[in-house]
2 protein chains.
Amino acid sequence: MVQGHRRPTLETVAERAGVSRATVSRVVNEQPSTPESRRAVEAAISELGYVPNLAARTLVTQRTGLIALVLPESSTRVFSEDQFFSQLIQGISQELDEADRQLVLMLAGSVESRQRIEHSAQARHVDGVMLASLHGTNPLTAALVRSKIPVVSNERALGPVEVPHVDVDNHGGARAAVEHLIAAGRGRIASITGPPDMIAGIDRRQGYRDALGEAGMALVEATGDFTRSSGADAMSRLLAETPDIDAVFVASDLMADGALRTLQREGVRVPDDIAVIGFDDIELARQTDPPMTTVRQPITGIGRSMAGQLLRAIDGQQIEPAITLPTELVLRASG
Amino acid sequence: MVQGHRRPTLETVAERAGVSRATVSRVVNEQPSTPESRRAVEAAISELGYVPNLAARTLVTQRTGLIALVLPESSTRVFSEDQFFSQLIQGISQELDEADRQLVLMLAGSVESRQRIEHSAQARHVDGVMLASLHGTNPLTAALVRSKIPVVSNERALGPVEVPHVDVDNHGGARAAVEHLIAAGRGRIASITGPPDMIAGIDRRQGYRDALGEAGMALVEATGDFTRSSGADAMSRLLAETPDIDAVFVASDLMADGALRTLQREGVRVPDDIAVIGFDDIELARQTDPPMTTVRQPITGIGRSMAGQLLRAIDGQQIEPAITLPTELVLRASG
DNA sequence: CTGAAAGCGCTTACAG
DNA sequence: CTGAAAGCGCTTACAG
């Protein structure tokens, strides 16, 4: 491969191969051509080290090959220890890799960054946008939907705008966890809930409430924000206010780890005195003491599915307005 | 703002404002123009909702405004609970936001993805590349340096290639931690080290060795891979093989958390029986029981500095081949 | 300061 | 299947 002073263009390759630019373009884009010209072009390409210029291609095709993932930078969750976003990105990457698309990460922390993202979408700097855990009230969601760029979210929107989404059965998962506790004979079941302005917080709480309601049992709730320390604090409050509880359903594994640490410090035995069940099944759940019973959600699968849906939407296909992936109760020692 | 059927172009704006395309371009790019034409153009822009086409601009300026961050997807660290990458990204984003550049995330897991990244760099799909914790032997590093695209790494390369980097004083930080243990009267100090093929693992281990060597004390080492479970396992081995140790310097907070869990399970008191010091000072360090003494490294600062250096390199400026940021021993209860 | 014009590097009907 | 030509939407010397 010869390195010239400047990058070779289609023109250079055409000259070398003795064909027209159009023919080179067709070979590059794998369109029909005679074996001879294909061979000549391919030889020229590798001799010159030709790589197509993305900008030029984008200018005519109106496709950038870039897919944005918008994350709420300011959220305590993104940059907490929670593995949710890491796993989500992993799933998304797998799918985009296969489609030869490039992931672009955009953090929607400040007002300015939100405007930049909105701007990027309007200018079609990217072909489509994935929204992850933006609170439903975030103005960005509505703005993107309005701009008509293909969008997929990882949860249903809270506000009036409709946005296609891929989510898990938060309600059913929470309900299954609580029903398991009831079946195990637990009589006073509390819950450490997630933020009341996030779907994951709302739906899991509702699952807890519905399960207890059907059993005619009383609600005992403490609110957290999906961080470990909020779980630890919530557990302390529960212990102080309702010392007779014998089980806790915690809306995330990280909060459950915090709760377990509080219980351990207070000398409360798990699960003998109080059973604990988390939600997520991140790696941490296998490493707590005792290992954590939890509701597994297929985070990587959400990522793959979101990316797949978005790719189809960009392709002009009709996509389902909502996909709900199943959860699964994983029994370990804590509850 | 009027929404036409298709996006407005410079041409449309020029017509509406009654000036030439060149004048519109100059106003958009904040070049000198008379107040009157500026006003007319700005009015037309907002009426039409004009947003410049990135591809067209890139085609002529040869700048994309995109900056890549390449992460080793396969590494256990990226998608572990370790907050290192999250914080690094946060720092990078702050800096890029200010410069109005867009971050593009590229995961270098598979051979194919590495080739795609190399390809992207050659094709100048991005203006520059940041490398984070790619093992020095990774062929990608050399390939990028060869392609002459501006590159900055978060650690010095292990192989023969030189790459500008921003790192922390791993050696000095480790040394300070161990010297603190010695000064506190600990007589048999072990270390749980990081991977021997990563700079952070190598340098922190050397800092431990040098501090012990000067004090004439014997080395007691167990190797981990920066994950929590590897820290727990290494601690178990140390306890079994050298039960007389009274302190451990652990090369990362996450491994130190694993070690603390092992000690707690084994009924070993911290710091009374064994003192523990970690490295990183991520949020977790404040939440362990007891709270962790650790070596703080300014991860967000590394990100900002990397991005800053890269931006300067892209700008054609000469940048320093190496920047080393200081670490700081944070005293809490564990050691 | 402004406009006419060239050119960035591709793709894609349109003929042949 | 192939080539000549137009065009994607900008920026930027060059005159004036």
Side-chain angles (χ1 to χ4, degrees), chain A residues 4-45 48-66 100 119-120 122-127, chain B residues 4-45 48-66 100 119-120 122-127:
Chain A
H5 303 102
R6 46 191 317 146
R7 292 179 47 206
T9 68
L10 260 196
E11 185 90 51
T12 334
V13 176
E15 219 167 285
R16 181 110 170 194
V19 298
S20 72
R21 278 152 51 195
T23 298
V24 176
S25 174
R26 292 192 187 101
V27 170
V28 170
N29 292 297
E30 287 166 344
Q31 278 163 23
S33 61
T34 56
E36 302 87 68
S37 41
R38 178 188 310 281
R39 251 194 301 277
V41 170
E42 282 170 351
I45 286 176
L48 295 166
Y50 171 71
V51 180
N53 179 306
L54 218 212
R57 179 179 281 171
T58 295
L59 190 54
V60 21
T61 61
Q62 311 279 24
R63 284 289 174 81
T64 65
L66 265 29
D100 207 42
H119 197 263
S120 278
Q122 282 171 218
R124 294 294 188 272
H125 294 176
V126 294
D127 296 336
Chain B
H5 303 101
R6 46 189 318 146
R7 292 178 48 206
T9 67
L10 260 197
E11 185 90 53
T12 334
V13 177
E15 220 167 285
R16 181 105 167 200
V19 298
S20 72
R21 278 152 50 196
T23 299
V24 177
S25 175
R26 293 193 186 99
V27 171
V28 170
N29 292 296
E30 289 166 342
Q31 278 162 24
S33 62
T34 56
E36 303 88 67
S37 41
R38 179 189 308 282
R39 251 194 300 280
V41 170
E42 281 169 352
I45 286 177
L48 295 166
Y50 170 71
V51 180
N53 180 306
L54 218 211
R57 178 179 282 172
T58 295
L59 190 55
V60 21
T61 61
Q62 310 280 24
R63 284 289 174 82
T64 65
L66 265 28
D100 208 42
H119 197 264
S120 278
Q122 283 172 217
R124 295 292 189 272
H125 293 176
V126 294
D127 297 335

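Each chain gets a letter, A, B and so on, in the order the sequences are listed, and its residues count up from 1.
Nearest to the side chain of A:Q62, among D:dG9, C:dG9, D:dC10, sits D:dG9. Taking every side-chain heavy atom of B:R21 into account, C:dA6 is the closest of C:dT2, C:dA6, C:dT11. Taking every side-chain heavy atom of A:T23 into account, D:dG3 is the closest of C:dC1, D:dG3, C:dT11. Among the nucleotides D:dC10, C:dT12, C:dG3, the one closest to any side-chain atom of B:R26 is C:dG3. Of the candidate nucleotides D:dT2, C:dT11, D:dT12, D:dT2 has the atom nearest to the side chain of A:S33. Considering only the side chain of A:T34, D:dT2 comes nearest among C:dG9, D:dG9, D:dT2. Among C:dG9, C:dC8, D:dC1, the nucleotide with an atom closest to any side-chain atom of A:N53 is C:dG9.
Considering all non-hydrogen atoms of both residues, A:V19 and A:V24 come closest at CG2-CG2, 3.8 Å.
Distances shorter than 4.0 Å separate none of the side-chain N or O atoms of B:T9 from OP1 or OP2 on D:dC8. A close approach under 4.0 Å does not occur between any side-chain nitrogen or oxygen of B:T61 and OP1 or OP2 of D:dC10. Residue B:S20 places no side-chain N or O under 4.0 Å from the OP1 or OP2 atom of C:dA4.
By the side chain to side chain donor-acceptor pair (under 3.5 Å) test, A:R38 is found to be paired with A:S33, residues two or more places apart in sequence or in another chain being considered.
One interatomic measurement links the two molecules: CG of A:L10 to C1' of C:dG9, which rounds to 7 Å at whole-angstrom precision. The distance from atom CG of A:N29 to atom C1' of C:dG9 is 13 Å, rounded to the nearest whole Å. With rounding to whole Å, B:R39 atom CZ is found 12 Å from C:dT2 atom P. Regarding A:Q31, its CD atom lies at a distance of 13 Å from the C1' atom of C:dC10, rounded to whole Å. One atom, CZ of B:R57, and another, C1' of C:dC8, lie 14 Å apart when rounded to the nearest Å. Regarding B:L59, its CG atom lies at a distance of 17 Å from the P atom of C:dA6, rounded to whole Å.
DNA chain C contains the following stems of three or more consecutive Watson-Crick or G-U pairs, with both distances under 3.5 Å: C:1-3 with D:14-16, C:5-12 with D:5-12, C:14-16 with D:1-3.
Contact of A:R7 with C:dG9 (side chain to base): no donor-acceptor pair of N or O atoms is detected under 3.5 Å.
In this structure, A:T58 reaches neither bases nor backbone, as no heavy-atom distance under 4.0 Å exists between it and the strands shown.
If A:S37 and B:S25 are placed on DNA chain D by their nearest nucleotide, the residue sitting closer to the 5' end is A:S37.
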